[in-house]
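In what follows, a single structure is set out as structure tokens and then discussed.
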Amino acid sequence: MDKMEIRFAGTGGQGIILLGVLAAEAATIAGNYATQGSYYGAQVRGGITSADVVLGKEWIPFPYVEKSDLLVTLTSESLDHYVNQAKPGSIIIVDENIIILEDQDELQKNFNLVRVPLTHKCFERFNSNFFLNIVTFGFVVRYLKDFFTEEHAIQALKNNVPERLFDEELAALRIGLNL
Amino acid sequence: MDKMEIRFAGTGGQGIILLGVLAAEAATIAGNYATQGSYYGAQVRGGITSADVVLGKEWIPFPYVEKSDLLVTLTSESLDHYVNQAKPGSIIIVDENIIILEDQDELQKNFNLVRVPLTHKCFERFNSNFFLNIVTFGFVVRYLKDFFTEEHAIQALKNNVPERLFDEELAALRIGLNL
Amino acid sequence: MNKKFEIEINQDWCKACYICVKICPKQVFTISEKESFRGFKEVIPSYEDNCIGCLQCENMCPDFAIEVREIDHAVEKS
Amino acid sequence: MNKKFEIEINQDWCKACYICVKICPKQVFTISEKESFRGFKEVIPSYEDNCIGCLQCENMCPDFAIEVREIDHAVEKS
Amino acid sequence: MKTYMDWIRTDFFPTAFCPGCGHGIILRAIVKALDELNLEQEKVVFVSGIGCSGWIPSPYIKTDSIHTTHGRAIAFATGVKLAKPEMTVIVVGGDGDLASIGGNHLIHAARRNIDITCIMADNNNYGMTGGQYSPTTPEGAKTTTSRKGHKEPPFDVARLVKAAGAKYVARYTVAHFPQLVNAIKKAITTPGFTFVQAISSCPTHFGRRNITADPYEYIEYFRKNSVNIKNFIPEEHAGKITIGEF
Amino acid sequence: MKTYMDWIRTDFFPTAFCPGCGHGIILRAIVKALDELNLEQEKVVFVSGIGCSGWIPSPYIKTDSIHTTHGRAIAFATGVKLAKPEMTVIVVGGDGDLASIGGNHLIHAARRNIDITCIMADNNNYGMTGGQYSPTTPEGAKTTTSRKGHKEPPFDVARLVKAAGAKYVARYTVAHFPQLVNAIKKAITTPGFTFVQAISSCPTHFGRRNITADPYEYIEYFRKNSVNIKNFIPEEHAGKITIGEF
Amino acid sequence: MPWKRVKSPIKPGRYFVQGDEAVADGAFCAGMRFYAGYPITPASEIITRVLDRFEESGEGVYFQGEDEIASIAACIGASWTGVKAMTATSGPGFDLMIENLGYAIFTETPLVIVDVQRAGPSTGQAARPSQADYHQARYGTHGDYEIIVLSPWSCQELFEFGIKAFNLSERYRVPVIILTDEAVGHLREPIIIPEEIDIFDREHDPDSPPFSFDERDATPMPLIGDGKALLITGSTHTEYGKRITQDAEVHRRLVKHLIGKIQNNISDIFETQEEFIEESEIVIASYGISARSAYEAVKRLRSKGIKAGFFRLKVLWPFWDRYVREALSGVKKIFVPEMNAGHLAKELERVLNADIVPITELGTEVIKPEVIVKIVEENI
Amino acid sequence: MPWKRVKSPIKPGRYFVQGDEAVADGAFCAGMRFYAGYPITPASEIITRVLDRFEESGEGVYFQGEDEIASIAACIGASWTGVKAMTATSGPGFDLMIENLGYAIFTETPLVIVDVQRAGPSTGQAARPSQADYHQARYGTHGDYEIIVLSPWSCQELFEFGIKAFNLSERYRVPVIILTDEAVGHLREPIIIPEEIDIFDREHDPDSPPFSFDERDATPMPLIGDGKALLITGSTHTEYGKRITQDAEVHRRLVKHLIGKIQNNISDIFETQEEFIEESEIVIASYGISARSAYEAVKRLRSKGIKAGFFRLKVLWPFWDRYVREALSGVKKIFVPEMNAGHLAKELERVLNADIVPITELGTEVIKPEVIVKIVEENI
Ligand SMILES: Cc1ncc(C[n+]2csc(CCOP(=O)(O)OP(=O)(O)O)c2C)c(N)n1
Ligand SMILES: Cc1ncc(C[n+]2csc(CCOP(=O)(O)OP(=O)(O)O)c2C)c(N)n1
Ligand code: SF4
Ligand code: SF4
Ligand code: SF4
Ligand code: SF4
Ligand code: SF4
Ligand code: SF4
Ligand SMILES: [Mg+2]
Ligand SMILES: [Mg+2]
């Protein structure tokens, strides 16, 4: 793929933006072009948060997702809200423990729906969902191989998390990578 | 005359604006149209002050003096400054005790130059030039008969000076009227 | 006679800050093991009987999510 | 030895507020009868000899129009 | 339901505040005071500015409310009060809103002795914009714009407003709930300009960087580090929060 | 010529002030202080706002000077000082300029303890715009906007600035010339934010309506109606101007 | 009906007054009973006249703010209690009002601002006229919106626009600016105060939601004290004042309402004076003080046999593209005298294909009729 | 020579950064060493990055004003000591800076303001983008003048315009506004920081009068501390800063200088990006974030065989009438997508005879390329 449109979505406080930043920065480190734009900035709490990432081999004019190639949602509201902006047949990753409000069969028919026990695995290891976004990032890496490798992902993580937390963050990443 | 352009000029603190207001208001009281515009407003002290008055039988679009029919100057600077905006042959009234910087003969040739002992008369009566503008107004009334009478002038004075000073102001007016 | 209190928690408003849990002098509250739909581990007034009605939990809850009510014995009797 | 002072008035700067005239403890100043070119009755240090150099006139003149100078006898002598 | 809940717009709940934010406690203190004073809801109007603090009355208190521009609430409130004196006019704002950008309106309202009550939800930083220092940030404190420790001295806003002419001035933290309710009641009933500085917790920003991110520990911190001005001994109580009526 | 005349731009004289305006006396007090302190002219910068008061340094004092917008002089001065700390930065403004529209900058500069000196030429009204009331207009005074007597209490600006954190604060009238010179000297030499309130006469407006239009009588009025704060007895000295160091 | 005819609260008759006084009198006749302001040349005389009227009548509240920001804020607060509120200022003060002007626009608060232009930028020449704030009045505050700006050319019109401004402001729930200048504001002329005044009082409806998405018109206004727990906010909001900080559609609909309620009633708002246009190939188009010079110039040109028409905007904003285009469709050349760098000229360039000749005055002198006559003669 | 090439003070390389960070980095590379500001969404991130750079380098002064008025005032004061000063804000804060912006213009003070637009009017939607402040940036403060306004469309350009803004500001002694928006300001992209940076430092001349009447160019600048007893004032003044509050001619000459120094150097200032214009009958003209949508739309239209050209303003003001007229002379129809009610469209209507089709977004969503494509297809 020369260009890929990815949308991460969830709720405030889940670190959705960081998730997007990690994916885009990893691609940048790998020498590719990447944008990360968020429709929802500072002054917001609660509600839906999303981070758009567009990866490309060269500069991309429109930096947002028009129709996603990959949609990653951590809450049912955000899935509900963004599913109709996903390309038919595209990949949709959802946390296993969210309640799908849509007709699930329809979803499965129209998209490549992937349910993953992200929260579960995160709790299992950390007894909190604090690192849920990093676990998710780890899981998602496999879909973005055209743009960066696991090493780039680790480098991106290093650039974006406080040093004192890095070991734990890395562990979370690995959980995702290995899911 | 259907329209008359009058300019009063002097220095800050001489009450030049009031002079203009009196002339214009008297004409208004008489049922005529009058404007009074001043190029120099509140935030000024010192320098030249002028008040333009245009009197007419009906509404006049341009409310300022383009070329004066009557120029009344109480300082030499203001005479100097405005004489070239007076119509050839028009009346110029100057206080007797001001020093004329221009060539006086030229002036007398080109204009109807009237020198009047305004300050002198004012000091004579009040030992101050506080009422100089009112004395001047009194003197000027004779030139504005097309637009208002002495009674209108007195009424205008009444509308514009503090009650407690009215008697003295009226005395000053009469000095001018009788000069 | 011992006063009795009933404690109501509005789980839709609670944000799981746990002020109530920690401030209660009688350790009335416990925290649920699993996460709720909204992503929080819920507060449960597990030991309501111990409550002395000091209202600290209610007053200090920033989210108006707790109400402590004295059980009206008079009404019960009638 | 009696100090002597000379008083200079800058008529171009003076605005005839007469603070100096009224404040001088020695009534050094008088006011001219006639008006100046600028329309003011001028202040004149008519009784300079009475001046004791208290500087009240100079300090209180808002227009820097008065200067009181001690006459330098030393210089005079030389 | 408690009667003070009549003053709350429950349909806007849960609030938009972060978990454990002290502003929610101030919200309760205000409506409790209103309820205990038995005021008529129709006769009370709140005016607030921009900031998390500005959201305390708007939309959560069920009276007329004007959510204005950043820092200007007092000026709007002055217009309301002068035009309709029968209203009880209460301003709620933050330390940024009322003491930084809005400081001039604050001291002038105090000077004029306009009959309004002003409640400052003071969390020692700009919560809404991400935790920058404010005029009440203590020296040495870390904020997003004083990462190595704040270098400016803070205002003692209560004293400043007192010096400007306010008729009743009190300061309490959210840990002093009953006193806070009481101070608000007194402020509302005292004629003229009155001021209550309600020290609030901001676990998300100021707390996390300086005290604690734990909402409960934050409150405990307030409790342990406050001293009533009546008992204040400078040598002994250096660095403590002085509370009480000024 | 007196040596302090070196600090004056004589080519701009006579000044634009009305006859007998106290601002001219303040001008002299300032240059006298500068001269006596033996400061280098190149190292002093004045910053002023809009108002007759703003004209005291600009253009009359022969140093760098910035004549800014109404009320903002202190904020401009803060930029100058922070960017070029070796300069002695002095702000001159009016009661309208510094205490009304500019009140917030005043208290914040005091709080921050920025090393500038601020001299407020306080004539109890807005001279330049025609004599409207200001935050220092006493209750009952007549101005063009309080024709029946002013209804708002005034600020005690010196105390307010002190409460905000200023390191040296003094108040004298133009009738107290030597004290005024001295206070300005102390203010300039004291590190941090310092403030001198110089009560000035405005014979054209405030004086004419309230005290006297006569410049000399005005000064006499100041002399007779001032009392040093050290000797101030509330019952005895009600209505007097308190002067001295705060 | 919100329209009503009332007896003038000021004794009817012919008066010789200053422009600043005339606009104060007009506003008072319109029912203005709250004035908040901060003195500034050349608008301070307005305060004095307002105080005269308030003191004479025993009605009205005067508030002198600590600055212009406080003054306009107080007006907005007062307006929501149902009183008609006004402030007046000039360039530097208007600059400071700009943030809360945007608040008034977004909260649809009736309010009148008199802006007596003086020469800028910055402090400039405080007692000298200018018309350079033509576009500031329209675009000063951030965001998209429509606003109403009136341009009087005489003391009589200042009086009348004092009334008209309130009527429009109450009718469309929008701040209205009376954009005059030092020349007209300080001009003295006779004015006539009529026996009766037509005024429009806002439609007060306690049960109406405070805001609206209606693209065609303004909505009735509930007031503070109605007991309806109003939510008023300068954030994007629903009809009921609920803050909506993310939804693009709500913002879109709200801005459409702000624009639509004005643009769709433009024929009720827009006003011009036109003379000899039909028969003329050239027109002199202007407004405010410069239009008086233009009018005199037209008279002189016509007396010399030059067929010049006269076009004057009484309402600067909203600018009615279609109307202006039609009114001036037959005209080849339009001369546009203004005391600025050519602001109206830019708008005319935009809507017309005619040749636009700006006659600018960047200094502070009212343009002389002769200057216009000369330029016209040289250019035809 | 005031132009010089310096080594980048930030380690050269490719970085993944946010727009707000990029502009801070650009400014730092240009030599900005004084920053005064007041936090506001969506510009607050600029402060953090500036602090990073100041702390890393041990250079630079940060001042957090009590409000935006104090912040810009401090920048102006600092600039007169010779330091390069910057502030950043958004709508409500920009509103408050407007009075002192005029002061900076009139006193010809170099200064850079980053205005990260958010949705207005008023508080609006603080974290959502808008381009509605296009005309505010030009006409916000009162009086007549010219100002320079840059419109970056990417993080790389935010970095570069951080430098360009200072170069122009120092060159022409004029405040320069970088008018971006929440979308670009919060966008993250890779940027390249080069090894060397070309910067222009103001011509500092202690013996020069501080001001000028020269209609062709800016004048060198003496500084505070030079020992020349500078008179700086926002009142009308002579070259030497003497206040002249009455003389119309002095005011006229001063305003002519303010306008002339920019207009007569417009070819050095104005900048566009143009693609396929020659061969196209229709053009999509835009700027900032909307130009990215436009660019994508042009690509798609061309791939469908529709000959569409692309025209982007990098400099919004001064608007170079003649250049735009010539550049677009052969074009029949111009589509103008903007996140506002059609501001650039108005300017194009003014200078062109072509058919102008505004594509407006009054809400807060970045215009999608498909929306443009659709409108173009429907309209040709
Ligand atoms: C004129 C203006 N400047 C800046 C902002 C951005 N802003 C919004 S809230 C805020 C500060 C909030 O701090 P505070 O008042 O202490 O309230 P808190 O959020 O801490 O409760 C700022 C700077 C704004 N909205 N308007
Ligand atoms: C923003 C702004 N508002 C108002 C004015 C008008 N104005 C000029 S000076 C002044 C007040 C002057 O009073 P003060 O500061 O006390 O100085 P004084 O003239 O009394 O010495 C005012 C309101 C202005 N220039 N700018
Ligand atoms: S204090 Fe309130 S919000 Fe916090 S955990 Fe307890 S019930 Fe929930
Ligand atoms: S009322 Fe007191 S004792 Fe009862 S639950 Fe609450 S905090 Fe515990
Ligand atoms: S005090 Fe000064 S200005 Fe006043 S009269 Fe004396 S010399 Fe003249
Ligand atoms: S110095 Fe003193 S004594 Fe001498 S003239 Fe002046 S005031 Fe009089
Ligand atoms: S940012 Fe701070 S003040 Fe704002 S809601 Fe969160 S905790 Fe409360
Ligand atoms: S108006 Fe008052 S303050 Fe201004 S110069 Fe005249 S006397 Fe002095
Ligand atoms: Mg705060
Ligand atoms: Mg004053």
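Below, all heavy atoms of this structure are taken into account, side chains as well, without hydrogens, waters or symmetry copies. In what follows, chains are A, B, ... by sequence order, proteins preceding strands, each numbered from 1. Keep in mind the model is a prediction, meaning the values are calculated, not measured.
In terms of non-hydrogen atom pairs under 4.5 Å with chain H, the most contact-rich of G103(E), S100(E), G96(E), G102(E) is S100(E). Comparing D52(H), V50(H), I47(H) by how many heavy-atom pairs each has under 4.5 Å with chain E, the most go to D52(H).
Taking the six-membered ring where the residue is Trp, the centroids of F17(E) and Y60(E) are separated by under 6.0 Å. Not less than 6.0 angstrom separates the ring centroid of Y172(E) from the ring centroid of F222(E).
For L96(H), the part sitting under 4.5 Å from any heavy atom of chain E is the side chain, from C-beta outward, and nothing else. Proximity to chain H (any heavy atom under 4.5 Å) is shown, for T145(E), by both the backbone and the side chain. Both the backbone and the side chain of L51(H) come within contact range of chain E, each with at least one heavy atom under 4.5 Å from a heavy atom of that chain. Proximity to chain E is absent for every atom of D95(H), based on heavy atoms less than 4.5 angstrom apart. Of the two parts of H70(E), only the side chain, counted from C-beta on, holds a non-hydrogen atom closer than 4.5 Å to a non-hydrogen atom of chain H. Heavy atoms closer than 4.5 Å to chain E are found in both the backbone and the side chain of T48(H).
Figure legend: cation-pi geometry between R208(E) and Y218(E) absent, as NZ or CZ is not positioned both under 6.0 Å from the six-membered ring centre and within 45° of its axis. Figure legend: R33(H) and F28(H) shown as a cation-pi pair, the cationic atom lying under 6.0 angstrom from the six-membered ring centre and within 45 degrees of its axis.
No more than 12 heavy atoms of other residues, nucleotides or ligands shown are found within 6.0 angstrom of NZ on K142(E).
A distance of 4.5 Å separates CE in M32(H) from CZ in F54(H), rounded to the nearest 0.5 Å.
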